[in-house]
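Quick caveat: nothing in here was measured; it's all calculated off a predicted structure.
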Amino acid sequence: MSEEHEGGARYLGLAPYLYYTDATEALDWLVRVFGFTEKVRYVDSSGVVFQATLQAGTAEVQLAGAGSDYWESKGVDGPVGQLNIVYVADVDEQYARVCAALGEDADLAPPQDQPYGARVFTVPDVGGNSWTFWQQVSDQVELPAGWQVIRNG
């Protein structure tokens, strides 16, 4: 499904492009822990992943490996993490799946109901990115006193 913007741009989707120091480890972790589906991986002559595409429902996640030379040229030590939101039908089921996959390494707060109608939990990955699994449970939003919702359209 595409959406037309006032300026005429036709958007066909959006995918995060995440950098990891070890893309092979990150790819395996994201498939094992979150249950994402590997679509394609590109490897060098020694079999190390330098880029890959994962499927999460209808959304794609791109990942790439970048060594220390790349980060030094950017003036940082390594990848800087970001927050990714993954919409799920049953956040409690996803939480159980992630905890089972992590085993003893699972040190996660359980899903929490939020005042904006979502039930969520967040997991840090092996590369410093955060993943919030989000189930919309209500259209009701509870705002603090004095706050208001302004919707376009």
Side-chain angles (χ1 to χ4, degrees), residues 1-43 49-66 71 74 76 78-153:
M1 170 184 266
S2 67
E3 188 168 319
E4 190 95 5
H5 185 268
E6 256 180 62
R10 187 167 172 247
Y11 297 110
L12 301 177
L14 179 70
Y17 191 90
L18 306 173
Y19 291 101
Y20 292 91
T21 302
D22 185 335
T24 305
E25 176 188 35
L27 174 62
D28 294 342
W29 192 93
L30 292 166
V31 169
R32 180 179 63 84
V33 175
F34 294 162
F36 292 168
T37 303
E38 181 180 330
K39 190 170 177 182
V40 63
R41 71 170 64 192
Y42 300 95
V43 298
V49 174
F50 65 86
Q51 190 167 331
T53 302
L54 297 169
Q55 199 79 35
T58 59
E60 287 188 350
V61 176
Q62 309 288 330
L63 62 92
W71 299 111
K74 301 288 184 196
V76 295
V80 178
Q82 72 175 38
L83 173 64
N84 302 284
I85 295 175
V86 181
Y87 299 100
V88 295
D90 187 333
V91 76
D92 294 292
E93 182 179 289
Q94 182 67 8
Y95 176 78
R97 181 197 197 310
V98 169
C99 286
L102 290 174
E104 292 179 8
D105 294 332
D107 184 22
L108 306 175
Q112 301 286 319
D113 292 328
Q114 301 299 316
Y116 40 85
R119 184 165 172 75
V120 304
F121 76 97
T122 300
V123 183
D125 73 15
V126 295
N129 295 296
S130 295
W131 296 83
T132 293
F133 290 92
W134 176 307
Q135 178 184 357
Q136 196 68 36
V137 293
S138 170
D139 291 332
Q140 300 297 313
V141 177
E142 301 167 20
L143 296 174
W147 289 35
Q148 58 183 309
V149 175
I150 300 172
R151 297 192 193 277
N152 186 10

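- Inter-residue side-chain proximity for Gln82 and Tyr17 is flagged as unmet; no heavy-atom pair is nearer than 4.5 Å.
- The CG atom of Leu108 lies 6.0 Å from the CG atom of Leu102; values are rounded to the nearest 0.5 Å.
- Considering only heavy atoms from C-beta on, Gln114 stays 4.5 Å or farther from Arg119 through its side chain.
- Pairs of residues two or more places apart, or lying in two chains, that qualify as ring pair (Phe, Tyr, Trp, His ring centres under 6.0 Å) and include a residue from residues 98-120 are Tyr116-Trp134.
- Rounding to the nearest 0.5 angstrom, the gap separating the OG1 atom in Thr53 from the CD atom in Glu38 is 9.5 Å.
- In this structure, the separation between OH on Tyr19 and CD on Gln62 is 11.0 Å, given to the nearest 0.5 Å.
- Here the CZ-OG1 distance, from Phe133 to Thr122, works out to 9.0 Å after rounding to the nearest 0.5 Å.
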For Val126 and Val33, run side-chain contact (heavy atoms from CB on, under 4.5 Å): C-alpha distance rounded to whole Å, both residues' side-chain angles, the deciding distance at 0.1 Å, then the answer. CA-CA 11 Å; Val126 295; Val33 175; over 6 Å; no
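- Considering all non-hydrogen atoms of both residues, Ala109 and Phe121 come closest at O-CB, 3.8 Å.
- Residues Tyr20 and Leu27 are not in side-chain contact: their nearest non-hydrogen atoms beyond the backbone lie 4.5 Å or more apart.
- No more than 12 heavy atoms of other residues, nucleotides or ligands sit less than 6.0 Å from atom CD of Glu93.
- In this structure, the side chains of Phe34 and Val61 stay at 4.5 Å or more apart for every pair of heavy atoms.
- Of the inter-residue distances, the one linking Gln135 atom CD with Asp113 atom CG reads 9.0 Å to the nearest 0.5 angstrom.
- Here the CG atom belonging to Leu63 is positioned 5.5 Å from the CG atom belonging to Leu54, to the nearest 0.5 angstrom.
- Of all the heavy atoms in Ala64 and Ala23, the pair that sits closest is C-CB, 3.9 Å.
- Between the side chain of Thr24 and the backbone N or O of Val49, at least one donor-acceptor pair lies under 3.5 Å.
- Side-chain polar atoms of Asp125 and Trp131 form a donor-acceptor pair below 3.5 angstrom.
- For the pair Asp90 and Arg97, the salt-bridge criterion is not met [side-chain N within less than 4.0 Å of a carboxylate O].
- At most 12 heavy atoms of other shown residues, nucleotides or ligands fall within 6.0 angstrom of atom OH in Tyr42.
- Using a 4.5 Å heavy-atom cutoff, the side chains of Val120 and Val91 are not in contact.
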